[in-house]
Engineer: 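Submitted below is the structure of interest, expressed as structure tokens.
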Amino acid sequence: MGDSGATHGSAASEYDYLIKFLALGDSGVGKTSFLFQYTDGSFHSKFISTVGIDFREKRVVHRLPTLDGNPGRSQRIHLQLWDTAGQERFRSLTTAFFRDAMGFLLLFDLTSEQSFLNIRNWIAQLQTHAYCENPDIVLCGNKADLEDLRVIDEDRIRELAEKYGLTYFETSAATGQNVTKAVETLLDLVMIRMEKTIDSGSIKNGRNKVNGQYELSETKEESGG
């Protein structure tokens, strides 16, 4: 697997795949805190708005799910988790990163009606700018620990998730609830998609970009989208 194009130079023995995820959602929903909780296991209660775009990294060992339920082969993953600004004035900058991401963590705030209503707008942005019209997305209703302030009913969320075919988790960057599970679920989706791409023979020899990222990102153009 070290010949997959995922690694370069002396880093070739360190990991098998470099995977890029993007965290999206309105300003203040907790994207930065969510990523800090995942990579560091810590929570910073002070809100500091992300300016433009930032990223965090984590190394994980991933086992691809198998149909018979047995553990699949282990793969060493280097995760780059890109943290985007939620404000409209940064939109042209952040959408430029949509194309390179292989999966998306779409967050809203369970205590904010507007952040939930804007999920449809974020999905429309993804359908326009991501590598294909149905990219891998995990939806997260964040701030689940603030139960007394919650304004979004679970039935509404389930209805939206089913409409768009999204996996949904209620998360808390403060307590860590479902944070790791949400990221691992997205990683499963992305790795399964990559395996299918490789198995279908659509990975072209001679490409030298991370793990078929060229192939994944060209899907829309090749289909005339």
Engineer: Given side chains that start at C-beta, do those of Ile77 and Leu18 come closer than 4.5 Å, heavy atoms only?
Structural biologist: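 Ile77 vs Leu18: side chains apart.
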Engineer: Please say which of Arg76, His78, His62 ends up in a side-chain hydrogen bond (donor to acceptor under 3.5 Å, both in side chains) with Asp16.
Structural biologist: Arg76
Engineer: Set out, in order, the CA-CA distance, both residues' side-chain angles and the distance that settles side chain to side chain contact (heavy atoms under 4.5 Å, CB included) for Lys31 and Val29, then state yes or no.
Structural biologist: CA-CA 6 Å; Lys31 298 182 296 296; Val29 299; 3.7 Å; yes
Engineer: Test side chain to side chain contact (heavy atoms under 4.5 Å, CB included) on Asp83 and Phe34; report intermediate values, then the result.
Structural biologist: CA-CA 10 Å; Asp83 184 12; Phe34 181 102; over 6 Å; no
Engineer: Are any non-hydrogen side-chain atoms of Leu160 and Tyr168 less than 4.5 angstrom apart?
Structural biologist: no
Engineer: At what distance, to the nearest 0.5 angstrom, does CG of Leu22 lie from NE2 of His129?
Structural biologist: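 Reported to 0.5 Å precision, the distance equals 12.0 Å.
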Engineer: Is the shortest heavy-atom distance from the side chain of Phe116 to the side chain of Leu110 under 4.5 Å?
Structural biologist: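 They are not in side-chain contact.
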Engineer: For the residue pair Arg150 and Ser112, establish whether any side-chain heavy-atom pair is separated by less than 4.5 Å.
Structural biologist: no
Engineer: Kindly compute the distance separating CZ (Phe169) from CG (Leu107), expressed to the nearest 0.5 Å.
Structural biologist: 12.5 Å
Engineer: Is the shortest heavy-atom distance from the side chain of Arg63 to the side chain of Gln75 under 4.5 Å?
Structural biologist: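 Not in contact.
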Engineer: What verdict does the side chain to side chain contact (heavy atoms under 4.5 Å, CB included) test give for Leu139 and Phe108, after you've listed the backbone C-alpha separation in whole Å, the side-chain angles of each residue and the deciding distance to 0.1 Å?
Structural biologist: CA-CA 8 Å; Leu139 180 66; Phe108 68 94; 3.9 Å; yes
Engineer: Mind listing the closest non-hydrogen atom pair of Ser74 and Val61 along with its distance?
Structural biologist: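 For Ser74 and Val61, the tightest heavy-atom pair comes out as CB-CG1, 3.8 Å.
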Engineer: Looking only at atom types and distance, does a side-chain atom of Asp40 sit under 3.5 Å from a main-chain N or O of Ser42, one as donor and one as acceptor?
Structural biologist: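 Checked: no pair found.
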Engineer: Let me confirm one number: the OG1-CZ distance from Thr39 to Arg59, rounded to the nearest 0.5 Å.
Structural biologist: 14.0 Å
Engineer: Quick one: pull up CD1 in Ile137 and OG1 in Thr167 and give me the separation to the nearest 0.5 Å.
Structural biologist: 10.0 Å
Engineer: Distance from Asn142 atom CG to Ser33 atom OG, nearest 0.5 Å?
Structural biologist: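 If we round to the nearest 0.5 Å, Asn142:CG and Ser33:OG are 8.0 Å apart.
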Engineer: Using 0.5 Å steps for rounding, measure from the OH atom of Tyr131 to the CZ atom of Arg99.
Structural biologist: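 One gets 11.5 Å once the value is rounded to the nearest 0.5 Å.
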Engineer: If you measure from the Lys or Arg side-chain nitrogens to the Asp or Glu carboxylate oxygens, is any gap between Asp100 and Lys20 under 4.0 Å?
Structural biologist: no
Engineer: Tell me, do Trp122 and Asp26 make a side-chain contact under 4.5 Å, heavy atoms counted?
Structural biologist: yes
Engineer: How far apart are the closest heavy atoms of Gln37 and Ala173, and which atoms are they?
Structural biologist: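 Reported closest heavy-atom pair: NE2-O, 2.7 Å.
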Engineer: Tell me who clusters with Leu146, hydrophobic residues only, linked when side chains sit under 4.5 Å apart either directly or through other members.
Structural biologist: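 For the cluster that includes Leu146, the remaining residues are Leu149.
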Engineer: Tell me whether the NZ or CZ atom of Arg56 lies within the 45° cone about the ring axis of Phe36 and under 6.0 Å from its centre.
Structural biologist: yes
Engineer: Got a sec: does the CD of Glu159 have more than 12 other heavy atoms crowding it under 6.0 Å?
Structural biologist: no
Engineer: My understanding is that only one of Asn121, Leu117, Ile123 makes a side chain to side chain contact (heavy atoms under 4.5 Å, CB included) with Ile119; could you say which?
Structural biologist: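 So, applying the side chain to side chain contact (heavy atoms under 4.5 Å, CB included) to Ile119 and each of Asn121, Leu117, Ile123, only Ile123 qualifies.
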Engineer: For residues Asp109 and Gly28, report the shortest heavy-atom separation together with the two atoms involved.
Structural biologist: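 Heavy atoms only, the tightest pair is OD2-O, 4.2 Å.
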Engineer: Quick check: does any side chain N or O of Lys143 sit under 3.5 Å from a backbone N or O of Ser172, one acting as donor and the other as acceptor?
Structural biologist: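 Checking the backbone N and O of Ser172 against the side chain of Lys143, no donor-acceptor pair under 3.5 Å is found.
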Engineer: Any side-chain heavy atom of Val138 within less than 4.5 Å of one from Phe104?
Structural biologist: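 Answer no - side chains too far apart.
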Engineer: For residues 176-187, which side-chain donor-acceptor pairs fall under 3.5 Å, sequence neighbours excluded?
Structural biologist:
| residue | atom | partner | partner atom | Å |
| --- | --- | --- | --- | --- |
| Gln177 | NE2 | Glu170 | O | 3.2 |
| Asn178 | ND2 | Glu170 | O | 2.9 |
| Thr185 | OG1 | Lys181 | O | 2.7 |

Engineer: Among Leu81, Val60, Leu79, which residue satisfies the side chain to side chain contact (heavy atoms under 4.5 Å, CB included) criterion with Ile19?
Structural biologist: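 With Ile19 as partner, side chain to side chain contact (heavy atoms under 4.5 Å, CB included) holds for just one option, Leu79.
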